[in-house]
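A quick write-up on the structure given underneath.
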Amino acid sequence: MARTFMTFKELNISGPIIKALEAKNYVTPTPIQEKAIPFALAGQDVLGIAQTGTGKTAAFTIPIIQQLDAAHTAHNTIKALILTPTRELAIQIQECLDDYTRFTKIRSCVIFGGVSQSKQVMQIKRGVDIMVATPGRLLDLISQRIISLANIQYFVLDEADRMLDMGFIHDIKRIIPMLPKKRQTLFFSATVPNTIATLSQSLLHHPQRVEVAPVSSVVDTIQQQLYMVEKSEKVDLLINVLKKDSNRTTLVFTRTKHGADKIARKLNAKGIHCDAIHGNKSQNARQRALENIKSHKTNVIIATDIAARGIDISNLQLVVNYDLPDVPETYVHRIGRTGRAGNKGTAMTFCSKEENGLLRDIQKLTGRKLSRIQ
């Protein structure tokens with residue numbers, strides 16, 4: 001039986017927000033929005049398990065905006081805090097808030113490091129209801145007594161697994177005690193390893209768990225190629241592939257941070273200019289890597305899966321699975337970076353004997369065999 005699609009109106013979303021959604025041509029909520037919004041509007045804590053690109057930003061921003069707008073409170077205190085790991089994600093969330101608060105009186109702002117704080121401080125002093133923040137800048141402004149978390153009613157921890165991968169756990173543990181014990185907490189993560197499960201248990205009160213089914217389909221515009229290769233020969237194969245078409249923008253996925261650095265060193269030594277992005281890299285280094293590829297100073301980025309979330313390279317032509325992912329759904333997310341908006345793309349997978357089991361899992365999930373290249 002075909003799924004009947006719900007509309008945003010059926011989720012009991014208020015008129016001003018519906019009007020803002022209609023202005024963006026949003027009528028039907030995504031599965032994570034459909035599941036999470038009713039619980040969040042009811043004031044319950046939510047543990048949301050969803051990948052980037054599933055619409056989770058609206059799943060946590062819409063209920064907060066609606067509840068604050070209904071309360072008609074003054075703008076003299078920060079009432080909602082959305083904590084996110086990177087500047088890029090913080091800006092994306094703020095853009096969504098700008099869209100959804102358009103017909104309300106709710107004010108929001110974004111703060112992140114790597115830039116002068118003066119404009120951000122001016123905005124805070126004018127009064128905001130919702131703040132989007134990266135941990136470092138937030139703690140910095142708290143220490144300067146520019147920000148107080150004493151009146152926070154709604155707390156969102158977004159991309160929690162990525163926060164941990166990037167080493168923010170100590171910052172998070174410093175921020176949590178500053179929040180009021182009585183609050184609503186919305187906790188979102190793409191994966192739930194033991195560290196995330198433990199963190200969520202310490203933060204959430206009788207949470208509702210919402211999860212969206214992993215993606216399994218691959219768009220037809222992506223040409224999928226398989227190379228069976230010894231582990232020791234992968235780097236030489238990658239060098240040959242990249243030298244064959246040096247103008248092609250390429251995202252290479254590795255399993256580990258150490259592996260990403262090692263490959264980047266070897267490629268640069270061979271005259272293939274590239275950057276590595278992973279959780280140990282500073283925000284400035286990640287930003288510089290993105291600017292380099294956008295300005296065509298480089299054409300190649302080597303990345304781990306969690307660090308690659310939020311990277312948006314327009315018209316990315318090639319994705320290389322240097323290491324196969326442990327979770328088959330991750331393969332679909334990786335190669336989905338290419339072949340977007342009707343453009344053609346290529347996804348190459350380098351598979352060693354030890355990875356045959358992972359390859360079988362990927363082919364079972366996607367329902368197709370990868371084209372083997374001799």
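Everything quoted here is computed from the prediction, not taken from an experiment.
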Honestly curious: do [X] and [Y] fall in one hydrophobic cluster under the side-chain, below-4.5 Å linking rule?
| X | Y | answer |
| --- | --- | --- |
| Ile272 | Ile302 | yes |
| Ile32 | Val156 | yes |
| Met6 | Ile17 | yes |
| Phe155 | Leu149 | yes |
| Leu318 | Ile222 | no |

request  = Run the numbers on Gln67 and Gln153 for side chain to side chain donor-acceptor pair (under 3.5 Å), then give the verdict.
outcome  = CA-CA 10 Å; Gln67 290 174 96; Gln153 300 165 35; over 6 Å; no

ask   = Among Ile130, Thr61, Val110, whose side chain to side chain contact (heavy atoms under 4.5 Å, CB included) with Gln94 holds?
value = Val110

Tell me if the [atom1] atom of [X] is crowded by more than 12 foreign heavy atoms within 6.0 Å.
| X | atom1 | answer |
| --- | --- | --- |
| Arg248 | CZ | yes |
| His75 | NE2 | yes |
| Asn194 | CG | no |

Compute whether any side-chain donor of one residue and acceptor of the other, for [X] and [Y], lie under 3.5 angstrom apart.
| X | Y | answer |
| --- | --- | --- |
| Ser232 | Glu230 | no |
| Tyr331 | Gln224 | yes |
| Gln201 | Thr198 | no |

Is the backbone N or O of [Y] less than 3.5 Å from a side-chain atom of [X], with the two atoms forming a donor-acceptor pair by type?
| X | Y | answer |
| --- | --- | --- |
| Glu355 | Leu324 | yes |
| Arg137 | Phe112 | yes |
| Asn12 | Pro38 | no |
| Lys182 | Pro180 | no |
| Gln66 | Ser14 | yes |
| Lys234 | Val229 | no |
| Asp45 | His205 | yes |
| Thr338 | Leu316 | yes |
| Gln225 | Thr346 | no |
| Gln33 | Phe8 | no |

inquiry  = Checking Lys56 against Thr30 for the side-chain contact (heavy atoms from CB on, under 4.5 Å) test, could you report, in this order, the C-alpha distance in whole Å, the side-chain angles of both residues, the deciding distance, and whether it holds?
reply    = CA-CA 8 Å; Lys56 63 184 168 59; Thr30 66; over 6 Å; no

At their closest point, which heavy atom of [X] faces which heavy atom of [Y], and how far apart are they?
| X | Y | answer |
| --- | --- | --- |
| Gly114 | Arg87 | O-NH1, 4.5 Å |
| Leu157 | Ala160 | CD2-CB, 4.1 Å |
| Thr249 | Gln317 | N-OE1, 2.8 Å |
| Ala276 | Ala264 | CB-CB, 4.0 Å |
| Val235 | Tyr322 | N-OH, 3.2 Å |
| Pro85 | Leu89 | CG-CD1, 4.0 Å |

Would you check if [X] and [Y] make a side-chain contact, meaning some heavy-atom pair closer than 4.5 Å?
| X | Y | answer |
| --- | --- | --- |
| Arg183 | Leu203 | yes |
| Ile147 | Met131 | yes |
| Val319 | Phe253 | yes |
| Pro325 | Arg334 | yes |
| Thr101 | Asp129 | no |
| Leu359 | Leu370 | yes |
| Lys262 | Lys266 | yes |
| Ile111 | Ile124 | yes |

NZ/NE/NH1/NH2 to OD/OE distance under 4.0 Å, Asp326 and Arg255 = yes

key: Presence of salt bridge, Asp220 and Arg368, under 4.0 angstrom   = yes

To the nearest 0.5 Å, how far apart are [atom1] in [X] and [atom2] in [Y]?
| X | Y | atom1 | atom2 | answer |
| --- | --- | --- | --- | --- |
| Thr134 | Leu83 | OG1 | CG | 8.0 Å |
| Thr349 | Ile335 | OG1 | CD1 | 7.0 Å |
| Lys9 | Leu21 | NZ | CG | 11.0 Å |
| Glu291 | Arg288 | CD | CZ | 9.0 Å |

message = Show every salt bridge (charged side-chain N to carboxylate O under 4.0 Å, His left out) that has at least one partner inside residues 92-102, sequence neighbours left out.
response = Lys24-Asp99

query = In terms of ring plane angle, is the pair Phe188 and Phe60 parallel, tilted or perpendicular, where the classes change at 30° and 60°?
reply = tilted

note = Contacts of Phe350 meeting ring-ring contact (aromatic ring centres under 6.0 Å, His included) (sequence neighbours excluded), chain-then-number -> Tyr227

ask   = Sequence neighbours excluded, which residues qualify as salt bridge (Lys or Arg N to Asp or Glu O under 4.0 Å) partners of Lys369?
value = none

Sole candidate of Thr254, Asp261, Thr256, Thr304 that passes side chain to side chain donor-acceptor pair (under 3.5 Å) when paired with His278 = Asp261

